[in-house]
Enquirer: 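Structure in structure tokens, see below.
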Amino acid sequence: MKAIVVTDQAAGTAGMKLVERPEPQPSINDVVVQVYASGFVNTELSWPSTWTDRLDRDRTPSIPGHELAGVVTALGYGTAGLSVGQRVFGLTDWYRDGTLAEYAAVEARNLAPLPDDVDFTVGASLPISGLTAWQGLFEHGRLRAGQSVIAHGAAGAVGSMVTQLARLAGAYVIGTGRAADRQKALDFGAISCSISSAATSGSGPRAWFESEERSCPSSDRSRRGLPTAWRSTSSSNPIAPN
Ligand SMILES: NC(=O)c1ccc[n+]([C@@H]2O[C@H](COP(=O)([O-])OP(=O)(O)OC[C@H]3O[C@@H](n4cnc5c(N)ncnc54)[C@H](OP(=O)(O)O)[C@@H]3O)[C@@H](O)[C@H]2O)c1
């Protein structure tokens, strides 16, 4: 099969090469997926797991990419819950060859069915950013309905997932981002107030998305912990600075 491999960590993305590799064989509890769409982030090239196995042995040439969407072509011994021909999406193990290839071997538990009306490219873009958002909101943040969330970069990969998941959970989402992204973030479900211009420089948020949908009461807990510059004032929503 065709695959992209890396062998030299110092070379970065310039070291990625398209080569012929053997097709992966499914281990126990694995499936083999024909990859229709794949997700890759260049930070993978600095992850130790891209270069070594769990015993710290060199595993190059390794195939990067850990998100995928495609169709199941083979089942490993004992694999249950998925069938050949099924559309799936999910994540491959950090320490195994990944998804920048025509086929990838994946543990069945790391895959989910991909609905017929969801494109493969959409399916492959979801797993890591979606999981990051889910873990932040529900595992670390223990978010509950009625609470408020600040999503920095609410129109970005993680921020858009944070915004949608938090809204589905019944939380209020205050988004930050560029003015050009405002409508996108509002469409994802962000609700916000305006912010003073002092907060638009440096590394702080560049703007608060504005919405008439909900006012931000001064008692809102999500705003109490914010630095003074991040607190907003607007005629409809007076928020007293510290
Ligand atoms: N994507 C993942 O799967 C993933 C997984 C784990 C961790 N992370 C981490 O999560 C963070 C976000 O990653 P991402 O993939 O979601 O990036 P992304 O798609 O580029 O989204 C980041 C968003 O934040 C905006 N932004 C940047 N600086 C800002 C500021 N000062 N105020 C308000 N908005 C600002 C960006 O706007 P512009 O594009 O207009 O600058 C962009 O819309 C990064 O730290 C990344 O390392 C990401």
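One-based numbering along the sequence shown. Numbering of ligands and ligand atoms starts at 1, following listing order. Keep in mind that the numbers below use all heavy atoms, side chains included, and drop hydrogens, waters and symmetry copies.
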Enquirer: Applying salt bridge (Lys or Arg N to Asp or Glu O under 4.0 Å) between Lys2 and each of Glu102, Glu20, Glu23, report the one that passes.
Expert: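 Considering Glu102, Glu20, Glu23, a salt bridge (Lys or Arg N to Asp or Glu O under 4.0 Å) with Lys2 is found only for Glu20.
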Enquirer: Heavy atoms only: which of Gly156, Ala180, Gly159 is nearest to atom 43 (O) of ligand 1?
Expert: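 Considering heavy atoms of Gly156, Ala180, Gly159, the nearest to atom 43 (O) of ligand 1 sits in Gly156.
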Enquirer: Is there a side-chain contact between Arg59 and Asp97 in this structure, where contact means two heavy atoms from C-beta onward sitting under 4.5 Å apart?
Expert: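 Result yes, sub-4.5 Å side-chain heavy-atom pair found.
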Enquirer: Below a 4.0 angstrom heavy-atom separation, can you tell me which part of Thr132, side chain or backbone, both or neither, approaches ligand 1?
Expert: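 The side chain, only.
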Enquirer: Is Asp93 salt-bridged to Arg54, cutoff N-O under 4.0 Å?
Expert: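 Salt bridge flag = yes for Arg54 with Asp93.
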Enquirer: I'd like to check whether Val158 has a polar contact with ligand 1, where a contact means an N/O of the residue lying under 3.5 Å from an N/O of the ligand.
Expert: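 It does: an N or O of Val158 is found under 3.5 Å from an N or O of ligand 1.
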Enquirer: Just go through Pro127, Ser129, Gly177 and tell me whose heavy atom is the nearest to atom 3 (O) of ligand 1.
Expert: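 That would be Ser129.
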Enquirer: Any atoms of ligand 1 less than 4.0 Å from a non-hydrogen atom of Ile128? List them with their elements.
Expert: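 So the atoms of ligand 1 that pass are 3 (O), 5 (C).
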Enquirer: Just say parallel, tilted or perpendicular for the rings of Trp94 and His66, cut-offs at 30° and 60°.
Expert: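 Taking His66 first and then Trp94, their aromatic rings sit tilted (interplane angle of 30° to 60°).
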Enquirer: Locate the shortest heavy-atom distance separating Thr50 from Ser62; write the atom from each residue and the value.
Expert: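 The pair with the smallest heavy-atom distance is O-OG, 2.6 Å.
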